Number of protein chains: 2
Amino acid sequence: MRATKEKVQFTQQEQELARFAKALSHPMRVAILNYLEKQLQCYTGDLVDIFPMAQSTISQHIKELKEAGLIQGEINLPKTRYCVNQDNWKKAKRLFADFFNVDFKNLTCEI
Amino acid sequence: MRATKEKVQFTQQEQELARFAKALSHPMRVAILNYLEKQLQCYTGDLVDIFPMAQSTISQHIKELKEAGLIQGEINLPKTRYCVNQDNWKKAKRLFADFFNVDFKNLTCEI
DNA sequence: AACATTAATCGTACATTTGCGATATACTCT
DNA sequence: AGAGTATATCGCAAATGTACGATTAATGTT
C-alpha cells in the first residue's frame with residue numbers, strides 16, 4: 001500500500017479550464033461560437049436554419065454555452081439575440097493560452 | 001415552417017477541436033497534462049500518490065488522454081512511463097489558438 | 001379575442017462518463 | 001515455483017449528456 005501522503009486538490013485554474021473545455025466538447029457548440037465570432041451576433045433561428053439539429057436541441061446547446069459563461073443573450077421578444085460574453089471569452093482565452101504555453105500578444109485587446 | 005435549406009455539417013476543425021476539448025473537460029485530466037508539462041514524464045503511480053482518486057480511476061483518465069492522442073505511454077514493466085504526444089499537442093495548440101484568434105509565436109517550435 | 005412567431009422548457013429514451021473495488025496481466029526478485 | 005510490484009481492465013452503479021417531439025411562454029398582428 002502506498003504511504004499516506006497529502007493528496008492534492010485540483011487548482012482553480014484546472015477546474016475553470018475543464019469547465020470551459022466541457023462547454024467546447026461538442027462540435028455544435030464549437031460551431032455556434034465560430035459563427036458568433038464571424039457574425040458578432042445571432043438569433044436562435046439563424047442556427048436552426050443552418051445546422052441539422054432540432055430547434056430544442058440547439059436551444060439546449062445554447063443554454064450550455066450560456067451557463068458556461070461563454071455567450072450571453074438579450075431577450076427581444078419574440079427573438080433572443082446572442083453574442084459572445086467578451087469578459088469570459090477573454091478569460092477562457094487566457095486559460096487556454098497559459099495551458100498551452102502559447103506566447104500571446106492580443107490577450108488584452110478590446111473587441 | 002422554415003424553408004428547406006442546405007444544412008451544414010460540422011467542419012473537421014470543429015470536430016477535432018471538440019474532441020480535444022472533451023479530453024480536457026475533466027480537472028483530473030487537465031491536472032495530468034499540467035503535471036506532464038512540468039515533469040516531462042511520469043508513471044501512473046506518481047499520479048496515484050498525488051491525486052485523491054483510486055488507481056483504477058486515474059488509469060481510466062490516462063486512457064482517455066491516450067485515446068485522444070494527447071499523451072503516449074511506453075511500457076517498461078512493471079511500470080509505464082507517460083509523456084505528452086508532441087505532434088498532437090502541437091495540433092491541439094494550433095486548433096485552440098486559431099479558435100481563440102490568439103497570435104502565437106511558438107507553435108512551430110520543437111520540443 | 002384568435003392567430004402567428006420565436007424560443008425556452010418538459011418529458012422521455014438512450015448513450016456516455018465517472019468512480020470504485022476486484023481481478024487479471026506481465027513482468028521481476030527471492 | 002511463489003511472492004511482490006505496477007498497471008490495465010472488468011463489472012457495476014450512479015450521474016450526466018444528447019437528441020427529439022410536444023408543450024408552454026411571451027409577445028406582436030389581424
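Residue numbers start from 1 in every chain, and the chains themselves are labelled A, B, ... in the order their sequence lines are given, proteins ahead of strands. Remember, predicted model here, so these are calculated numbers, not experimental data.
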Take the protein atom [atom1] of [X] and the nucleotide atom [atom2] of [N], then report the distance between them rounded to whole Å.
X	N	atom1	atom2	value
B:R81	D:dA8	CZ	C1'	18 Å
A:Y43	C:dA8	OH	P	13 Å
A:N76	C:dA8	CG	C1'	16 Å
A:K79	C:dA8	NZ	P	12 Å
A:L65	C:dA8	CG	P	12 Å
A:D49	C:dA7	CG	P	9 Å
B:I32	C:dT18	CD1	P	12 Å
B:I62	C:dT18	CD1	P	14 Å

Is a side-chain N or O of [X] found less than 3.5 angstrom from the main chain of [Y], in a donor-acceptor match?
X	Y	value
A:D46	A:Y43	yes
B:N88	B:G69	yes
A:S25	A:K22	yes

Q: Kindly point out which of D:dA8, C:dA8, D:dA26 is positioned nearest to the side chain of A:T44?
A: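 The closest nucleotide is C:dA8.
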Q.
What's the closest nucleotide to the side chain of B:P78 if the choices are C:dT9, D:dT27, D:dA6?
A.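 Nearest to the side chain of B:P78 among the choices is D:dA6.
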Q) Between A:F100 and B:K93, is there a cation-pi geometry (under 6.0 Å to ring centre, at most 45° from the normal)? A)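 No.
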Q) Can you give one letter per nucleotide of nucleotides 13-20 of chain D, going 5' to 3': B for a protein heavy atom under 4.0 Å from the base, S for sugar-phosphate only, - for none? A) ----SBBB
Q.
Can you see if the side chain of A:S59 gets near the phosphate of C:dA8 - specifically, an N or O under 4.0 Å from OP1 or OP2?
A.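 Yes, because at least one side-chain N or O of A:S59 sits under 4.0 Å from OP1 or OP2 of C:dA8.
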Q) Looking at D:dA8, does its base get a donor-acceptor pair with the side chain of B:Q55 below 3.5 Å? A)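 Indeed there is one.
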Q) Judged by modelled atom types alone, do B:Q13 and B:D98 share a side-chain donor-acceptor pair under 3.5 Å? A)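 Distance-only check fails for B:Q13 and B:D98.
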Q: Determine whether A:V48 and A:Y35 fall in the same hydrophobic cluster, where Ile, Leu, Val, Met, Phe, Trp and Tyr are linked whenever their side-chain heavy atoms lie under 4.5 Å apart.
A: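 Same cluster.
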**Q.** Linked, directly or transitively: B:V84 and B:I50 (ILVMFWY side chains, under 4.5 Å)
**A.**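 Yes, B:V84 connects to B:I50 through the hydrophobic network.
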